[in-house]
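Below is one structure, written out as structure tokens; comments come after it.
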Amino acid sequence: QLHRRGFRCLDGVDGSAGMLERARSTGLYRQLRRCVLGREPLPAPAEHYDAVTVVGALGEGQVPSTAVTELLRVTKPGGFLCLTTRSNPSNLRYKGELEAALAGLEREGAWRKVLAQEVERWERATSEEESTQGTGYIPGVVYIYQKCPVPPPEEG
């Protein structure tokens, strides 16, 4: 979808060599690198990207919620971060931790929330317990934040 909308300089990271090969086969990415987010820094300099997205990785047993500071590090001031997580029962503890980390960075003035939107039919459920009211889907949420510009130095 991003490529269809004119975005051409796409880089990707994943902890799985198999997923990187799958991404490489699309021909959409300028650069693909292996990185286990939360255990190692992203392979990019500070303030490098206009936008950073994480879809399908912020969840229980995957990328720790503390990794959002690393995502913020590689985003340019004024740039955007689009993050997603699931709202199904087995991910609620993680979602709470993530939202606390997001709110903490907002209180510190690191970024400002642009959007937090719940999506009822986020992805297909893998079990009946995770399904929302028998729909066969689980809910999720999309967060969009904008990194705050660095304030000018105080004159003294």
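Worth saying up front: this structure is predicted, and the values here are computed from it rather than measured.
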- Message: Working note: Arg73 + Leu42, criterion side-chain contact (heavy atoms from CB on, under 4.5 Å); need CA distance, chi angles, decisive distance, verdict.
- Response: CA-CA 9 Å; Arg73 179 189 71 80; Leu42 285 165; 4.2 Å; yes
- Take Ser87 and Glu118 through the side-chain hydrogen bond (donor to acceptor under 3.5 Å, both in side chains) test and state the conclusion after the steps. CA-CA 8 Å; Ser87 299; Glu118 292 282 341; 3.3 Å; yes
- Could you please spell out the steps behind the side-chain contact (heavy atoms from CB on, under 4.5 Å) verdict for Ile144 and Leu81? CA-CA 6 Å; Ile144 299 178; Leu81 294 97; over 6 Å; no
- Could you walk me through whether Arg112 and Glu106 pass salt bridge (charged side-chain N to carboxylate O under 4.0 Å, His left out), step by step? CA-CA 6 Å; Arg112 68 174 190 86; Glu106 190 171 20; over 6 Å; no
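Shortest non-hydrogen contact noted between Ala67 and Leu37 is CB-CG, 3.9 Å. Contact record, Gly15 with Arg34: O-NE, 2.8 Å, taken as the closest heavy-atom pair. Minimum heavy-atom separation, Tyr49 to Ala44: CE1-CB, 3.6 Å. Pro64 and Gly38 get closest at one heavy-atom pair: CG-CA, 3.8 Å. Taking each heavy atom of Pro41 and Cys35 in turn, the nearest pair found is O-SG, 3.5 Å.
If you take CG on Leu20 and CZ on Arg33, they are separated by 11.5 Å, rounding to the nearest 0.5 Å. Put simply, CD on Glu60 and OG1 on Thr85 are 9.5 Å apart, with the number rounded to the nearest 0.5 Å. Rounding to the nearest 0.5 Å places CG of Asn88 at 8.0 Å from OG1 of Thr126. Atom CG of Asn91 and atom CD of Glu97 lie 9.5 Å apart (nearest 0.5 Å). Atom CZ of residue Arg121 and atom OG1 of residue Thr135 lie 5.0 Å apart, to the nearest 0.5 angstrom. Note that CG of Asp14 and CD of Glu21 are 11.5 Å apart. Values are rounded to the nearest 0.5 Å.
Contact annotation: the side chain of Thr84 never approaches that of Leu58 to less than 4.5 Å [non-hydrogen atoms, C-beta and beyond]. Side-chain contact between Glu99 and Tyr143 is present, with at least one heavy-atom pair separated by less than 4.5 Å. Leu72 is not listed as a side-chain neighbour of Tyr145, based on a closest heavy-atom distance of 4.5 Å or more. Contact check for Arg86 versus Glu123: side-chain heavy atoms found under the 4.5 Å cut-off. Looking at Leu92 and Tyr94, their side chains never come closer than 4.5 Å, going by heavy atoms from C-beta outward. Using a 4.5 Å cut-off on side-chain heavy atoms (C-beta onward), Leu71 and Leu83 make contact. By the 4.5 Å heavy-atom criterion applied to side chains, Leu105 and Val68 are counted as neighbours. Side-chain contact check for Val74 versus Val52: some heavy-atom pair is nearer than 4.5 Å.
The closest donor-acceptor contact from the side chain of Gln117 to the backbone of Val141 lies at 3.5 Å or more, if one exists at all. A donor-acceptor contact shorter than 3.5 Å links the side chain of Gln146 to the backbone of Gly78. Judged by distance alone, the side chain of Lys147 and the main-chain N or O of Thr75 form a donor-acceptor pair under 3.5 Å.
Arg30 CZ: more than 12 foreign heavy atoms inside a 6.0 Å radius. Heavy atoms from other residues, nucleotides or ligands lying under 6.0 Å from CD of Glu120 number 12 at most. Environment of CZ in Arg22: sparse, with no more than 12 heavy atoms of neighbouring residues, nucleotides or ligands closer than 6.0 Å.
Under the 4.5 Å side-chain heavy-atom criterion for grouping Ile, Leu, Val, Met, Phe, Trp and Tyr, Val142 is connected to Phe80 within one hydrophobic cluster. Hydrophobic clustering places Val114 together with Val119 (ILVMFWY residues linked when any side-chain heavy atoms are closer than 4.5 Å, directly or through intermediates).
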